[in-house]
Amino acid sequence: MYPIIRKQVLNETTTLMEVEAPLVARKAKPGQFIIFRIDEEGERVPLTIAGFDREKGTVTIIFQKVGYTTEKLNSLNEGDSLMDFVGPLGEPSVTEGIKRAAVIGGGLGVAIAYPQAKALHEAGAEVDLIVGFRNQHLIILRDELEDACTNLIIMTDDGSNGNKGFVTQALEKQIQAGRDYDTVIAIGPLPMMKAVSEMTRPLQIKTIVSMNPIMIDGTGMCGGCRLTVGGETKFACVDGPDFDGHLVDFDEAMARGRMFRPEEARAREKHICNLTGEAR
Amino acid sequence: MPNLSMVKHPMPEQEPEVRARNFKEVALGYTREIAMEEAERCLNCKNSPCVSGCPVNVPIPNFIAKIREGDIQGAYQIIKSQNALPAICGRVCPQESQCESKCVRGIKGEPVAIGRLERFSADTAMSEGAAETEKKAPCGKKAAVIGSGPAGLTCAGELAKAGWDVTIYEALHTAGGVLMYGIPEFRLPKQLVSREIDGLKRMGVKIVTNAVAGKAFTVDELLEEGNDAVFIGSGAGLPNFQKIPGESLCGVYSANEFLTRLNLMKAYTFPEHDTPVKIGEHVAVIGGGNVAMDAARCAKRLGAEVTILYRRSEKEMPARAEEVHHAKEEGIIFRMLTAPTEIEGDENGFVKAIKCIEMQLGEPDERGRRRPVPVAGSDFAIPVETVIVAIGNSPNPLIKKTTPDLPTEKWGGIQADEMGRTGKKDVYAGGDAVTGAATVILAMGAGKKAAAAILEDHPD
């Protein structure tokens with residue numbers, strides 16, 4: 001069992017949990033992920049590692065309530081335990097050789113962009129961290145983000161923080177203003193990562209994206225997480241999750257992400273029914 | 001007076017039309033009466049040719065003699081002396097090409113039903129509460145076993161018997177490897193696998209789940225942490241695809257994914273269990289091995305019409321005859337000499353059909369199997385919502401990547417000799433990680449040999 005030792009609600013849809021998992025904490029690196037399972041009936045869900053403390057033997061995850069299992073995870077509290085928590089899985093992000101980077105996080109992707117930006121910044125790179133939220137109430141980790149970069153740019157869809165627009169627009173503006181990035185790292189929803197990759201392609205700026213497809217075992221056995229990258233089949237769990245954004249077939253990845261939509265809705269109905277105790 | 005019947009006593013089974021709708025075990029097992037009668041067919045040959053056909057050398061005539069005497073516990077103990085997992089082997093071993101293929105009774109009729117008798121002994125003895133396997137006093141030696149499939153479990157069991165302190169590291173959340181995630185409930189009830197694993201735990205074997213070798217720890221770290229030997233039984237890895245257009249559409253599963261969803265994650269009970277699976281009404285399964293049969297029969301049980309597409313003829317099919325027979329009985333459609341060329345999707349990216357071409361058999365290939373060649377102009381399409389690709393696996397890269405001095409084959413498999421010794425000191429390997437996809441019993445045989453090598457190389 002893997003006890004939850006800290007729970008922090010970051011905004012109305014996003015929660016942070018610090019989980020005791022010494023075997024994972026020992027080897028975890030930015031860019032890698034874990035798979036958790038809440039209970040005996042639970043599904044296996046991958047989440048990117050948002051932080052780790054090797055001495056305490058803990059791993060931090062940040063998740064959004066987007067489906068049945070993440071709702072259920074969110075209903076747990078400090079002192080509760082997860083049945084399974086396995087990792088670190090996937091290849092760590094490559095930080096060597098990066099001197100001037102734009103790290104872009106959209107929505108929950110901010111939680112994953114944060115450790116990457118921090119690692120780069122600590123390694124001496126100049127880091128512009130561009131993050132986007134729907135509105136200013138949803139902004140998370142502001143202080144941490146501030147400390148993890150050279151420049152922090154926070155965008156909101158509705159402009160409620162005085163900075164209206166998408167992260168892609170902010171990136172474009174930075175580049176037009178003469179910022180000479182050697183690498184752009186984009187982490188977040190597929191349409192955002194696609195848009196960033198499309199923007200940097202003609203400029204020939206190396207662009208890394210972090211893919212988060214459906215997977216089961218996460219160790220290179222089921223093949224559910226396969227993607228087409230540069231015309232070849234790749235497995236996000238062992239070849240990724242980071243890939244060259246200019247080579248990823250995003251349309252295919254988006255279509256594959258929709259595979260179990262109706263089933264997710266069905267599972268959520270069950271959840272509501274469990275919560276309210278109503279017969280359906 | 002020996003039983004002179006030319007045929008084996010048939011296995012009592014669930015009726016095909018009933019079992020095609022449930023996940024309960026197909027074969028129900030011999031009763032005591034049937035078993036004792038079948039045991040009378042054994043001639044107790046002096047040179048026991050059957051034993052030479054068994055990868056783990058079970059003293060077959062001896063255990064059958066015990067059944068004849070009505071001493072089922074005795075029969076079980078004899079099997080158990082050589083085979084750590086009799087209830088499993090009795091179900092999933094390809095006896096027709098091993099022990100039973102050497103049986104003298106098979107020359108003029110059907111061989112003795114060795115597999116069914118093995119299963120009967122194990123089931124009966126275990127349900128009556130079999131005596132624990134004897135083990136030696138702790139010898140102070142320590143081993144790490146990577147993977148809890150048939151190779152790892154067998155190796156661990158043998159070492160524990162010899163007094164070793166053994167820890168198994170399993171990547172998934174449940175121990176058992178392919179016995180849990182791959183082979184379906186209706187062929188191998190999971191409760192039975194758990195019972196065998198509990199037996200190992202009672203012998204002192206420790207099992208650490210959620211522990212991924214090559215990620216959470218390396219082989220070298222296991223050695224540095226004081227293990228005298230490491231056995232790698234990590235099994236088969238990444239699923240192969242055909243590299244035809246459309247394999248990334250929604251509705252295309254590798255057999256590994258499809259079977260894992262069902263067997264390990266119990267998706268057939270969704271939404272009671274949280275993992276979904278969806279298959280629609282028409283399913284095509286590509287491949288002709290046991291895994292293809294398992295996938296097809298699972299899909300059938302979920303209510304679909306299932307077609308197996310295999311590019312050679314039935315004669316070349318690698319699946320066990322019994323599996324093919326069961327699949328046919330359950331109404332699976334077989335389209336032999338048929339090769340898929342493309343999977344077609346609809347506007348939302350979901351599978352809508354599979355395009356195929358008919359094949360004919362040409363010249364034999366290097367393994368002597370006649371090579372299939374396409375028949376020009378024979379293209380056709382089958383409307384399906386799901387395609388399951390069951391054409392084998394490639395070795396998992398994780399251990400290879402993090403153990404640079406472990407010699408591997410060009411195709412990625414770990415190099416090991418007949419006894420499981422690798423090119424790295426104190427590191428042994430066996431099962432699919434070495435041979436590529438094979439059978440449960442061959443993996444067990446490899447685990448057993450490696451344990452013998454470990455004991456030989458690390459004398460007290």
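Excluded from the calculations below are hydrogen atoms, water molecules and symmetry mates; all remaining heavy atoms, backbone and side chain alike, are included. Numbered from 1 within each chain, the chains take letters A, B, ... in sequence-line order.
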When the 4.5 angstrom heavy-atom criterion is applied to B:Y181 and chain A, the contacting part is side chain
Per-residue tally against chain A (heavy atom, under 4.5 Å) across B:A236, B:P397, B:S248 peaks at B:S248
Pair count under 4.5 Å, heavy atoms only, with chain B: among A:P262, A:A253, A:A255, A:G42, highest is A:G42
For the aromatic rings, using the six-membered ring if either is Trp, is the centroid distance between B:Y268 and B:F23 under 6.0 Å?
yes
Applying a strict 4.5 Å limit to non-hydrogen atoms, the region of A:F85 in contact with chain B is backbone
Taking the ring of A:F36 and the ring of A:Y2, is the distance between their centroids below 6.0 Å? no
Applying a strict 4.5 Å limit to non-hydrogen atoms, the region of A:L23 in contact with chain B is both
For B:P184 and B:N263, the nearest pair of non-hydrogen atoms, with its separation, is CA-OD1, 3.3 Å
Scored by heavy-atom pairs under 4.5 Å with chain A, the best of B:N210, B:N256, B:L259 is B:N210
Per-residue tally against chain A (heavy atom, under 4.5 Å) across B:R261, B:M265, B:K401 peaks at B:R261
Okay, A:R256 and chain B: the region with an atom under 4.5 Å from a heavy atom over there is both
Worksheet entry | B:K142-B:N227 side chain donor-acceptor pair, cut-off 3.5 Å | no
Honestly, the part of B:F258 sitting under 4.5 Å from a heavy atom of chain A is neither
The interface call for B:A211 against chain A, heavy-atom contacts under 4.5 Å, is both
- request: For residues B:L406 and B:I414, determine if any side-chain heavy atom of one lies less than 4.5 Å from a side-chain heavy atom of the other.
  value: yes
### Message
If you count heavy atoms of other groups shown closer than 6.0 angstrom to CD of A:E78, is the number above 12?
### Response
yes
Applying a strict 4.5 Å limit to non-hydrogen atoms, the region of A:T219 in contact with chain B is both
Chain A shares the most heavy-atom pairs under 4.5 Å, among B:L249, B:V389, B:T275, B:V277, with B:T275
Cut-off 4.5 Å, heavy atoms of chain B, and the answer for A:V238 is both
Exercise for review: For the residue pair A:E252 and A:T228, confirm or rule out a side-chain donor-acceptor distance under 3.5 Å.
Suggested key: yes
Lys/Arg N to Asp/Glu carboxylate O, A:E263 vs A:R261, below 4.0 Å | no
message = Counting only heavy atoms not in A:K29 (residues, nucleotides, ligands), do more than 12 fall under 6.0 Å from its NZ?
response = no
Whatever's closer than 4.5 Å to a heavy atom in chain B on A:Q32 counts as side chain
#### Entry: Pairing of A:R26 and A:E55 as salt bridge, 4.0 angstrom limit
no
If one checks every heavy atom of A:I34 against chain B at 4.5 Å, the contacting part turns out to be neither
When the 4.5 angstrom heavy-atom criterion is applied to B:L172 and chain A, the contacting part is both
Okay, B:N396 and chain A: the region with an atom under 4.5 Å from a heavy atom over there is side chain
Notebook entry, point to check: Just wondering, are more than 12 heavy atoms of other shown residues or ligands nearer than 6.0 Å to NZ in B:K266?
Noted result: yes
If one checks every heavy atom of B:K243 against chain A at 4.5 Å, the contacting part turns out to be neither
